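The structure under discussion appears below in the form of structure tokens.
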2 protein chains.
Amino acid sequence: MSERMADKIRAKLEEMIVTGEFSDGERLDEIRLADSFDVSRTPLREAFQQLAASGLLVLEARRGAFVRQPAFEEMIEMFEVMAELEAMCGRLAARRVSEPVLDAIRETVLACEEAVNRGEADAYYAENEHFHHLIYDASGNHFLAEEARRLHRRLQPFRRMQLQLRGRMAQSLGEHRAILEALENGDEASAATVLRDHVAVQGGKFNDLMVSYRRSQLHQKAR
Amino acid sequence: MSERMADKIRAKLEEMIVTGEFSDGERLDEIRLADSFDVSRTPLREAFQQLAASGLLVLEARRGAFVRQPAFEEMIEMFEVMAELEAMCGRLAARRVSEPVLDAIRETVLACEEAVNRGEADAYYAENEHFHHLIYDASGNHFLAEEARRLHRRLQPFRRMQLQLRGRMAQSLGEHRAILEALENGDEASAATVLRDHVAVQGGKFNDLMVSYRRSQLHQKAR
DNA sequence: AACTTCATTCTTGTATACAAAATCATTGAC
DNA sequence: GTCAATGATTTTGTATACAAGAATGAAGTT
């Protein structure tokens, strides 16, 4: 048990919130939660602080911790910002990327290709992560890379959902190829545009997913 | 004392870090700091969590809290990202801003003008804040506005320094006018460009400030 | 003299205890 | 019957106590 308890709890709570275990606005009872994790309130409260910082909770003074399920509109907003951050990474990377890093990016594209051929969504997902992180770093702006990572992480579960959509993996792969090409050509404008669209399409796909999800919800209620 | 102790401590520590009271990499002793604030370690540790989330501290497990003074290069990086976020705000705002908000923006420009005429840097600073926050909100993307505010806040002390530079206030005012004009015309591209440059120039000015600061440091050491 | 090992000390991480504020329920007035 | 006020209870915020890991230093070996 080398890790800090508070960090494990944060990770677990993060997953629970993101997977919809709690509903929006729900108050988290410190004592009951602490008991369920078999810890005292102290590490739990530290986890609360961290979750509040990343926007998953809001702490109201002397009122408690309330889960903040980003509404549909906010998710779209987040994708919009993510698209712009990725575009910026792409623009800078097109100018600054080195040959070894370019090689690494090429490898991830190949690995993505294999994953698509085998229909392995998990493998694709992992390589996709790698691909994007490489570009963040290639921007040469470390602060930007960190911000991008932070937001990427927050949108992670929604990205993952999308790979379930028919044909999305192949489409995504094609976009990766276009991004790689722009980087190889040092074409800043193109790299920015293609990356922006690559992420924006995810926002759109997310929209589609939500619509069909809500329809099924309505269906259930209408029974 | 309606506020939470932890929040007051966070604010105070934030100021101390940002004003350079601590040096980069310095370890903050929980017990001594808690004593100096006349509180126990508990609220202090909560403050640490928050400061770590905003990047001012790094918490190493069982090692302690270390202050993270962004190096010169990182400050430039942050201005670079800030420029892009503001550009995005401007682009969206040009499309979405309403007449009442436009009026409010016009007022801040007038107030800035008066501040310049009177040579009141503090008043200018306050109105400048207002001006930028209005544009963040006018973007219509609430998440983006929050992100912009967060980064703006982090760069705050460095912005403030710049107003000391000769002629910077008048120059800044001119840029504000150009931004307002772009918004009035609904010119997305222009709003984005002018705002990007408006912030980028701050990065440049910051550069100038740091160079002269370091020169004076060297001078002192060379005595 | 330098390096390793072990014990001591110090510091962080967690649990528990206590204080203060907010919520809830009961009682009383209108 | 509804609303307000007040006391009880719950819950947060802070302090303190305790446990466990890390840093420090002394002693012993090579």
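The structure displayed is predicted, hence computed values, not measured ones. Numbers restart at 1 for each chain; the letters A, B, ... are given by sequence-line order, proteins then strands.
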Nearest-angstrom distance from the residue atom [atom1] of [X] to [atom2] of [N]:
X       : N      : atom1 : atom2 : answer
B:Asp7  : D:dT12 : CG    : P     : 16 Å
B:Phe48 : C:dT11 : CZ    : P     : 13 Å
B:Glu30 : C:dC10 : CD    : P     : 16 Å
A:Arg10 : C:dT14 : CZ    : P     : 13 Å
A:Gln50 : C:dG13 : CD    : P     : 11 Å
A:Leu59 : C:dA22 : CG    : P     : 16 Å
A:Arg4  : C:dA15 : CZ    : C1'   : 15 Å
B:Ile31 : C:dG13 : CD1   : P     : 12 Å

Just compare [options] and give me whichever is closest to any side-chain atom of [X].
X       : options                : value
B:Asp29 : D:dG13, C:dT11, C:dT14 : C:dT11
A:Ala6  : D:dA23, D:dG13, C:dT14 : C:dT14
A:Met5  : D:dT12, C:dT14, D:dT14 : C:dT14
A:Arg62 : C:dG13, D:dT14, C:dA22 : C:dA22
B:Arg27 : C:dT11, D:dG13, C:dG13 : C:dT11
A:Arg63 : C:dT23, D:dT11, D:dG21 : C:dT23

Just to be sure I understand the rule, does B:Leu28 reach a base, reach only the sugar-phosphate, or reach nothing, if contact means heavy atoms closer than 4.0 Å?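 Contact class for B:Leu28: sugar-phosphate only.
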Describe the nucleic acid contact of A:Glu46 in one word from base, sugar-phosphate, nothing, applying a heavy-atom distance below 4.0 Å. nothing
Any side-chain donor-acceptor pair under 3.5 Å between A:Glu129 and A:His152?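 Judged by distance alone, the side chains do pair up.
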Scan side-chain atoms only and decide if A:His176 and A:Asn128 contain a donor-acceptor pair under the 3.5 Å cut-off. yes
Within the distance-only criterion (no hydrogens, no angle test), does the side chain of A:Arg41 pair as donor or acceptor with the backbone N or O of A:Ile31 below 3.5 angstrom? no
Between B:Thr19 and B:Glu15, is there a donor-acceptor pair closer than 3.5 Å when you use the side chain of the first and the backbone of the second? yes
With a cut-off of 3.5 Å and sequence neighbours excluded, list every side-chain donor-acceptor pair involving residues 33-40 of chain B.
| from | atom 1 | to | atom 2 | distance (Å) |
| --- | --- | --- | --- | --- |
| B:Ser36 | OG | B:Leu33 | O | 2.9 |
| B:Ser40 | OG | B:Thr42 | N | 3.3 |

Does any residue of residues 32-44 of chain A have a heavy atom under 4.0 Å from DNA chain C, and if so, which ones, in number order?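 The stretch gives A:Val39, A:Ser40, A:Arg41, A:Thr42, A:Pro43 as the residues lying under 4.0 Å from the strand, ordered by number.
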Knowing that exactly one of B:Ile135, B:Ile179, B:Leu151, B:Val199 qualifies, which makes a side chain to side chain contact (heavy atoms under 4.5 Å, CB included) with B:Glu86? B:Val199
Those residues at least two apart in sequence (or on a different chain) that pass side chain to side chain contact (heavy atoms under 4.5 Å, CB included) with B:Ser23 are B:Glu26
